[in-house]
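Counting starts at 1 for both ligands and their atoms, following the listed order.
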Amino acid sequence: MRHLLDIDDLSTDELVHLLDLAEKGPLPPVLDKQGVALIFEKPSARTRNATEMAVVQLGGHPITIRGEEIGLDTRESVEDVTRTLARYHAVLAARVFDHRTLERMVAVSSVPVVNLLSDVAHPMQALADVLTLRQEFGSLDGRTLAWVGDANNVCRSLTVAAGKLGMRVRVAPPVGYEFSDAELERMALAGARPEQLGRPEDAVDGADAVVTDTWVSMGQEAEASDRKKDFEGYTVDVELMRRAAPHAVFLHCLPAHRGEEVSHDVIDGPQSRVWVAAENRMHTARAVLSWLHTHAQGDSNA
Ligand code: CP
Ligand code: NVA
């Protein structure tokens, strides 16, 4: 049984295969009349809509469930919810506060489990981002990706995806928001060795892609005022983008906060590819669901 909790779960060949599959357009309706449960402990616009539409395009039926409806670990344990939902659905997908919840689901699930964002990782976003970059540049081997801001869940998954595809990754977080040594070791095992630089200017210098994310992720609202102070000077603006290669593109997983992590003239400007990446969330979700389900069928036929 294959699951997707982070990009580390994929070999480079599998990652490339998923990107190829995402670009194929219509895929066989492998989820014909089957359910996919989408559990959300946090809000979502792109992930819910992209994944629901991907399920529909594969002939299946998505059921979106808010965390409070099922009360994970309050009304019923994560394990009992998982065992129950796996009896109705071909795939279980979840957006959770604690990555460990996904690991507990994997431990008892009889169907594939997909991470729709946790505190640690956002693999479905990373797939859409690297697909967008591949559509822009062709091969990504030897290209440079600069991340400005928090070394967070989105950054982690994108770093591993980009690293597996041969990109150089430079990460510029403020002091206190870098990858830990343990995280760097885990990413190295997955094939990614990001360079951590203190100054955004050094990370962006000559880069092919510049990427950022919110300064305050979901679940960190209590830290908002400290974070906004700590991230001063980490706005991706036109002046910073001028240091990147002339053909450089800008990505942001969204939702964006214009005037904080990105200026409006960058996100709404000619180098921005944020809407292409948002659409690619649906194409990559379709590829992942089709691939995981086909693997699971193979396992049960074995
Ligand atoms: N990028 C992303 O995951 O967006 P949502 O939080 O709206 O799903
Ligand atoms: N880092 C952000 C990404 C939102 C899609 C968060 O976790 O809230």
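Of the protein's non-hydrogen atoms, the one nearest atom 7 (O) of ligand 2 is Asn153 ND2, 2.8 Å. What sits closest to atom 4 (O) of ligand 1 on the protein, heavy atoms only, is Arg46 NE, 2.9 Å. For atom 7 (O) of ligand 1, the closest non-hydrogen atom of the protein is Ala45 N, 2.7 Å. At the shortest separation from atom 6 (O) of ligand 1 among protein heavy atoms lies Arg95 NH1, 2.8 Å. In terms of protein heavy-atom proximity, atom 8 (O) of ligand 2 is nearest to Met218 N, 2.7 Å. Summary of contacts: the protein heavy atom closest to atom 3 (C) of ligand 2 is Asp213 OD2, 3.6 Å.
Contact check on Asp119 versus Arg100 returns no salt bridge, with no Lys/Arg side-chain nitrogen under 4.0 Å from an Asp/Glu carboxylate oxygen. A salt bridge links Arg134 with Glu23: at least one charged nitrogen is closer than 4.0 Å to a carboxylate oxygen. Using a 4.0 Å cut-off between charged nitrogen and carboxylate oxygen, Glu239 and Arg242 do not count as a salt-bridge pair. Salt-bridge formation is detected for the pair Arg258/Asp268: a Lys NZ or Arg NE/NH1/NH2 atom is positioned less than 4.0 Å from an Asp or Glu carboxylate oxygen. Arg83 has a carboxylate O that lies under 4.0 Å from a charged side-chain N of Asp80, or vice versa, which qualifies the two as a salt bridge. For the pair Glu232 and Lys228, the salt-bridge criterion is not met [side-chain N within less than 4.0 Å of a carboxylate O]. A salt bridge links Arg156 to Asp8: at least one charged side-chain nitrogen sits closer than 4.0 Å to a carboxylate oxygen.
Residue contacts with ligand 1: Leu254 is placed with a nitrogen or oxygen under 3.5 Å of a nitrogen or oxygen of the ligand (distance criterion only). For ligand 1, one of its N or O atoms has an N or O atom of Cys253 under 3.5 Å away. Between Ser217 and ligand 2, an N or O atom pair is found at a separation short of 3.5 Å.
Interface atoms of ligand 2 facing Leu254, defined by a heavy-atom separation under 4.0 Å, are 5 (C). The ligand atoms of ligand 2 that sit less than 4.0 angstrom from a heavy atom of Asn152 are 1 (N).
With rounding to the nearest 0.5 Å, the separation of CG in Leu251 from CG in Leu158 is 7.5 Å.
The shell of residues lying under 4.0 angstrom from ligand 1, judged by heavy atoms, includes His122. Contact between Arg281 and ligand 1 is present, with at least one heavy atom of the residue lying under 4.0 Å from the ligand.
Residue contacts with ligand 1, taken as heavy atom pairs separated by less than 4.0 Å, do not involve Lys42 at all.
Among Met124, His99, Glu103, His3, the single residue meeting the side chain to side chain contact (heavy atoms under 4.5 Å, CB included) criterion with Asn115 is His99.
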